[in-house]
Amino acid sequence: MIADYFVKTNISDDFTVATIEAEVLLETSYKAGHQMSFPKASVEGFLFESKDGVMVEASKLSSNDDTHLTMGSHMRKIIQGKICRPRLWSAEQPNLYTLVILLRDESDKNVDVEACQVGVRTLCLGFKELQLNKKSILITGVNRHEHHPRLGKTNIEACMIKDIILMKNNNINAVRNSHYPQHPRWYELCNLFGLYVIDEANVETHGCDPTSNPNSKEQLTWDTSWSSSMLERAINMVERDKNHACIIIWSLGNEAGYGPNHSAMSGWIRQRDSTRLLHYEGGGSRTSSTDIVCPMYMRVWDILSIAQDQTERRPLILCEYSHSMGNSNGNIHEYWEAIDETHGLQGGFIWDWVDQGLLRQGSDEKVHWAYGGDFGDSPNDLNFCINGLVWPDRSPHPALHEVKFLYQPVKIHLLQDVIEIQNRNFFITTEGLDFHWQLHKDGILVGYGELLMPKLQPGEKHFFNIQGGPWSILLEHADGITVGLTIIVKLRTSTSWCEANHVIASSQFIISDGLSKEVKAKDGTELPHVLLEECNEIVRIEAANHEWTVEFNKNDGIIKSWKVNNVVILDDGPKPCFYRAPTDNDRGGGNTSYAFLWHQAGLESLTMLNAAEFQVQRISDSVIQATTCLLIQPNIASNLGTSNMGGERAEANMLVDDPHKTVSPETTPGKENEQICFLVCMKYKIQGDGRMMIDVEVNPQGQLPPLPRVGVVLAVPNELNHVIWYGRGPFECYPDRKTAAHIGLYEAHVADLHVPYIFPGECGGRADVRWALFKSISRNVGLLASTNDGCPVQMNASYYTTVDLDRATHQEELQYRDSIQVHFDHRHMGLGGDDSWSPCVHEKYLVYPIPYKFSLSFCPVTSESMLSMKGTHPDWL
C-alpha cells in the first residue's frame with residue numbers, strides 16, 4: 001500500500017521545463033490477519049491541470065526501477081515526469097496541479113491511490129537574498145496564532161478562510177505559524193489562495209529558562225534527555241506538511257535558546273528536505289542552524305547595520321516586529337522605508353494577527369471580550385495576548401490600514417515634480433490593474449478620471465511629470481489652497497479573495513499646502529459691536545445683537561459657557577492639557593515606562609492656579625481682548641495615592657484648587673529648577689462676529705519626562721455630536737502612524753470616532769487636522785475650530801474623558817459623559833510599537849518639555865450653508 005510520498009519540483013534555468021519527482025513509500029498491508037504483498041506491484045503518477053474548468057493530463061510520472069515489493073518489506077520508489085512551459089506557484093499566482101499516484105498489482109489492477117495539490121516552484125539563497133523561482137521576493141507578513149472567539153484554539157475552516165481573505169485584501173503575502181504546526185486544512189487553503197508560510201515546530205521553552213542568558217548551557221536544548229522530544233516534533237512537522245507548496249521555510253521553534261538539540265533538528269531537516277530554507281531566531285538569529293537572519297523586534301538602525309555588513313551573506317527577515325498591542329504600530333513606516341531601499345532586507349512578520357480574546361457574558365448579561373484573569377484564572381498574563389491587527393471577531397484595527405498601505409504591491413512616489421509608479425510584484429504585470437486619479441482642493445473633489453498607464457513588468461517603473469498629467473489644467477489658480485493628488489490602483493476583475501474594483505494601492509501627494517495662507521480677521525469697522533459686563537465671578541462678553549454670549553470665570557479666565565441664539569455650544573474650556581490615558585505601549589517598561597514617568601511627575605492629576613489676575617481689555621467697539629496666566633502643577637495629595645501603575649487609577653486629570661489664590665513661580669515651594677509645573681498664558685481675542693482667537697504659550701519647568709501631549713481640552717454639549725473635519729482620516733491616525741490616512745474632508749458621529757480597544761486607553765485621534773466643525777443634527781448650530789497659525793493639530797473627540805479611559809480595564813466599564821471631550825493638541829506623542837515592553841517611541845515623535853506657542857480659532861456657526869460640507873474655503877472660516 002502507499003504509506004507516504006514526498007513531491008519535489010525543480011525548474012530549468014529558462015523556466016521552460018519543470019521536473020516533478022515523487023518519492024513514494026510502499027509497505028505491505030494486512031487483511032483478515034494475513035500479510036499481503038505485491039511481487040510485481042508498479043507505481044505511476046498522473047499530473048493534471050485545470051484548463052477552462054476541465055482537468056487535463058499535464059504529465060505522467062513513472063519509474064525505471066523494476067525492484068518489487070516483497071513480503072515484510074518497505075520500499076521507496078522514485079517516479080518522475082516533466083512539464084513543458086509549467087505554470088509556476090507563487091503567492092501572486094498560486095497555480096496548482098493535481099498529482100494522482102496509483103499503485104497497481106501484477107494484473108494491472110489499481111489497489112491504492114493517493115492525490116495531492118502540487119505547486120511548481122523552487123527556492124534558493126542568493127547573496128543576501130531569499131529567491132523564489134529565481135526572484136528575490138519581499139515578505140509582507142504577519143504571525144498567526146490559531147484562535148477563535150468562541151472556540152479558543154479549536155479552528156474551523158470558515159475562520160481560516162476569513163483570515164486568508166482579510167490578509168490578501170490587506171496586501172499580506174506571508175504567515176508565520178506561531179508557534180506550532182497548524183490545522184492541515186490551513187495549508188491547503190494557503191496553497192489555493194496564495195500565501196507564503198513559515199511552518200514552525202512546536203518547540204518553545206520560554207517561561208522555564210533557568211537563566212536569562214539565551215545561550216546558556218543550562219537551556220533545555222543542551223540537555224540530552226530532551227533531544228528525542230525536540231527532534232521528534234521537528235520530524236513530525238516536516239513529514240506531515242512536506243507536500244504543501246505554500247511552505248517555503250521550516251522553523252525550529254520559538255524562544256528555546258540554542259544548542260546541540262537545535263543543531264540535530266536542523267541537520268535532520270536539511271538532510272530530509274533540501275528544497276526549503278531553515279529559520280530559527282534563538283541564539284541571536286544568526287547561528288549556523290538558520291538560513292535567514294531572523295531577529296525579533298530589532299530596531300531599524302540595527303537591521304540596517306546587518307544588511308550593510310558584507311560578511312553576512314544571508315538575507316534578513318524580521319520574524320516578529322511592530323508589536324500590535326492595542327493602539328500601536330507606530331514607526332512601522334520607518335521599517336519599510338529601510339526595507340524598500342536596502343538590499344538584504346526582505347521584509348518581516350508583524351506580531352501578530354488577531355487579538356486572542358474570548359467572548360464572555362458579563363454581569364450586565366451582555367457579551368464582552370475577556371482576557372487573562374477574567375475567568376478567575378491565576379497566574380495569568382492579563383491582556384498581553386490582546387496584541388493583534390484585528391479583533392477576535394476579525395474586525396480590523398485602524399492600524400491595518402497602515403499595514404495595507406506599506407505592503408501595497410504598487411509603489412507610488414512623488415520625486416519633486418515627477419511621479420514614480422513601480423510594479424512591486426515579482427511575477428505578474430500590471431495588465432489586470434486599473435489606475436485612477438483624483439484631485440482635491442481644500443478637501444473638495446474637483447476632478448477625477450482614469451490614468452492611462454503602460455503595462456509594467458514585475459519591478460518596472462514608470463515616470464511622468466506632475467504638470468503633464470490629465471489633471472494639469474486643474475492645477476491652475478491653486479495658490480493659497482491645499483491641493484491633493486491621489487493615485488488609486490484597483491483590480492479590474494474579481495479573484496478568489498476579492499471582488500472587482502478592489503483597491504490594492506492608494507497614495508496621496510500634497511502638491512500645494514494652503515496652510516501658509518493666514519486666515520485674516522475682518523476689518524474691525526465691519527464687525528458688529530460687542531458688550532462687556534463684569535458681574536460677581538463672571539465676565540460676560542456678548543454681541544450687541546444678542547446673537548451670542550461668552551461667559552468667563554473671572555477667577556481663572558477659563559470659559560464656562562458659550563451660547564449662540566441661546567443654545568449652548570461650549571460647556572467648559574479650552575483648558576491646557578498635557579496628559580493622555582496610557583496605551584499598552586505607554587505602560588511597557590516598568591519603572592522606565594512613559595506611564596510610570598508621567599505618574600511620577602503627577603501629570604495625571606494637575607492643579608490649576610492663577611499666576612496673575614485675569615485681565616480684560618476693550619480694543620475697539622467690536623473687539624475684546626482677555627488674558628489669563630495659569631500655574632499648573634501636580635496635585636500632591638492625589639499624586640501620593642495609588643494609580644493605574646499599581647492599583648486604582650487616578651481620580652482626576654485636572655483639578656481646580658482655590659480659584660481666588662494667585663501664585664507666581666517665585667512663591668511656589670521648592671527650588672525653581674526642581675519644581676514641576678507649567679506656566680501657561682492664554683490670550684483671547686473676541687470679535688463682534690463671534691470669532692474667538694486664542695494664542696497659547698506653554699512653558700514647562702522642572703524635571704519633566706517626554707509629554708503625552710501639549711494642547712487644550714474643551715467640553716461641548718452632547719447635542720453637537722456630528723463632526724466634520726478637514727485633516728487626515730477617515731480612520732484613527734497619530735503622528736507616527738498616518739501614512740495611509742489621506743488629508744481630506746470627513747464626517748462622522750462622535751461615537752464612531754472612538755476605537756473600542758479591548759483594554760481602553762488613548763484612542764480615536766485624527767492627525768493633521770486643519771479645522772473641525774461640531775454641529776447639531778436637529779438644529780442649525782455648531783462650533784467651528786481651526787488652526788490660526790498654519791500648524792495642523794491632533795484632534796480627539798470622545799464621550800469619555802482621559803480619566804475614564806485611564807481608569808477602565810474593559811470597554812464595558814466606560815459610560816458616556818454628559819458632554820463631549822474635545823482635544824486639540826499642538827503636539828501629541830507618537831504611539832510607538834517597536835515593542836510593548838520598553839519605552840520605544842522614536843525620538844522625532846517625542847514631545848519634549850520645552851516652550852511651545854500655538855494659536856487656535858473658534859467660531860459659532862449658525863447658517864445652513866456653513867453647516868453643509870460645501871463651504872470649505874478658508875474665507876468662510
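Note that the coordinates shown come from a computational prediction; the quantities given were computed from them, not determined experimentally.
Here the NZ atom belonging to Lys853 is positioned 14.0 Å from the SG atom belonging to Cys791, to the nearest 0.5 angstrom. Taken from CG in Leu856 to CZ in Phe824, the straight-line distance is 7.5 Å, to the nearest 0.5 Å. With rounding to the nearest 0.5 angstrom, the CD atom of Gln794 is 6.5 Å from the SG atom of Cys733. Taken from CG in Leu704 to CD in Gln600, the straight-line distance is 11.0 Å, to the nearest 0.5 Å. Atom CG of Asp572 and atom CD1 of Ile559 lie 9.0 Å apart (nearest 0.5 Å). Between the OH atom of Tyr845 and the CZ atom of Arg827 there is a distance of 13.0 Å, given to the nearest 0.5 Å.
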Item to check | Test side chain to side chain contact (heavy atoms under 4.5 Å, CB included) applied to Leu603 and Phe678, step by step | outcome: CA-CA 10 Å; Leu603 295 186; Phe678 299 87; 3.8 Å; yes
Item to check | Intermediate values then yes/no, side chain to side chain contact (heavy atoms under 4.5 Å, CB included), Lys775 and Val861 | outcome: CA-CA 8 Å; Lys775 69 173 186 175; Val861 178; over 6 Å; no
Item to check | Step-by-step side chain to side chain contact (heavy atoms under 4.5 Å, CB included) determination, His828 to His823 | outcome: CA-CA 10 Å; His828 194 103; His823 288 266; over 6 Å; no
Next on the checklist: Applying side chain to side chain donor-acceptor pair (under 3.5 Å) to His368 and Glu813, what does each step give before you reach the verdict?
Outcome noted: CA-CA 11 Å; His368 308 290; Glu813 298 168 16; over 6 Å; no
Next on the checklist: With side chain to side chain contact (heavy atoms under 4.5 Å, CB included) as the criterion, how do Trp369 and Gln811 come out once you've worked through the C-alpha distance, each side chain's angles and the decisive distance to 0.1 Å?
Outcome noted: CA-CA 8 Å; Trp369 296 122; Gln811 280 294 319; over 6 Å; no
Next on the checklist: side chain to side chain donor-acceptor pair (under 3.5 Å), that's the test. Do Ser857 and Asn788 meet it? Break it down for me.
Outcome noted: CA-CA 6 Å; Ser857 179; Asn788 204 37; 4.7 Å; no
Checklist entry - Run the side chain to side chain donor-acceptor pair (under 3.5 Å) check on Asn327 and Thr583 step by step: do they pass? => result CA-CA 6 Å; Asn327 192 3; Thr583 65; over 6 Å; no
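A distance-only check finds a donor-acceptor pair linking the side chain of Arg728 to the backbone of Ala741 [under 3.5 Å]. Between the side chain of Asn635 and the backbone N or O of Thr607 there is no donor-acceptor pair closer than 3.5 Å. With hydrogens and angles ignored, the 3.5 Å screen pairs a side-chain donor or acceptor of Ser512 with a backbone N or O of Ile481. Checking side-chain atoms of Arg770 against main-chain N and O of Asp768 turns up a donor-acceptor pair under 3.5 Å. Under the 3.5 Å distance criterion, the side-chain polar atoms of Glu551 are left unmatched by any main-chain donor or acceptor of Lys560. For Gln508 (side chain) and Ile743 (main-chain N/O), a donor-acceptor pair under 3.5 Å exists by modelled atom type. Checked by atom type and distance alone, the side chain of Trp598 never pairs as donor or acceptor with a backbone atom of Ser593 at under 3.5 Å.
Annotation: ring-ring contact (aromatic ring centres under 6.0 Å, His included) contacts of His397 (sequence neighbours excluded): Trp391, Tyr757. Not counting sequence neighbours, His749 has no partner by the ring-ring contact (aromatic ring centres under 6.0 Å, His included) test. Partners of Ser395 by side-chain hydrogen bond (donor to acceptor under 3.5 Å, both in side chains), not counting sequence neighbours, listed by chain and number: Asp393.
What you find for Gly484 and Ile510 is that their closest heavy atoms are CA-CD1, 4.1 Å. Nearest approach of Val530 to Ile624, heavy atoms of both residues: CG2-CG1, 3.5 Å. When all heavy atoms are compared, the tightest approach of Pro706 to Leu846 is CB-CD2, 4.1 Å. When all heavy atoms of Gly833 and Asn331 are compared, the closest pair comes out as N-ND2, 4.1 Å. Val841 approaches Tyr594 most closely through the heavy-atom pair N-OH, 3.1 Å.
Contact of the Thr802 side chain with the Glu604 side chain is not registered, since no non-hydrogen atoms from C-beta on lie closer than 4.5 Å. A 4.5 Å side-chain heavy-atom check between Phe759 and Arg587 finds at least one atom pair inside the cut-off. Contact of the Gln687 side chain with the Ser622 side chain is not registered, since no non-hydrogen atoms from C-beta on lie closer than 4.5 Å. At least one side-chain heavy atom of Trp725 sits less than 4.5 Å from a side-chain heavy atom of Leu753. The shortest side-chain heavy-atom distance between Phe614 and Val539 falls under the 4.5 Å cut-off. For the pair Tyr816/Tyr800, a side-chain contact is recorded, criterion being any heavy-atom separation below 4.5 Å from C-beta on. The side-chain heavy atoms of Glu547 and Thr862, taken from C-beta on, include a pair separated by under 4.5 Å. Contact check for Val793 versus Asp825: no side-chain heavy atoms found under the 4.5 Å cut-off.
A donor atom on one side chain and an acceptor atom on the other are found under 3.5 Å apart for Ser328 and Asn585.
Contact check on Arg580 versus Asp586 returns a salt bridge, with a Lys/Arg side-chain nitrogen under 4.0 Å from an Asp/Glu carboxylate oxygen. A salt bridge links Arg737 with Glu732: the closest approach of a Lys/Arg side-chain nitrogen to an acidic carboxylate oxygen falls below 4.0 angstrom. Residues Glu719 and Arg779 are paired through a salt bridge, judged by an N-O separation under 4.0 Å between the basic side chain and the carboxylate. Salt bridge absent: Glu537 and Lys554 never bring a charged side-chain N and a carboxylate O closer than 4.0 Å.
For an aromatic pair to be called close, the ring centres must be under 6.0 Å apart, and Tyr799 with His754 fails this.
Using bins of under 30°, 30° to 60° and over 60° for the plane-to-plane angle, the ring pair Phe552/Tyr684 lands in the perpendicular bin. The aromatic rings of Trp771 and Tyr726 sit tilted relative to each other, their planes meeting at an angle between 30° and 60°.
When each of Leu783, Ile820, Ile558, Asp571 is tested with Leu714 by the rule side chain to side chain contact (heavy atoms under 4.5 Å, CB included), just one qualifies, namely Leu783. Applying side-chain hydrogen bond (donor to acceptor under 3.5 Å, both in side chains) to Ser855 and the options Asp789, Thr787, Asp695 leaves one that passes, Asp695.
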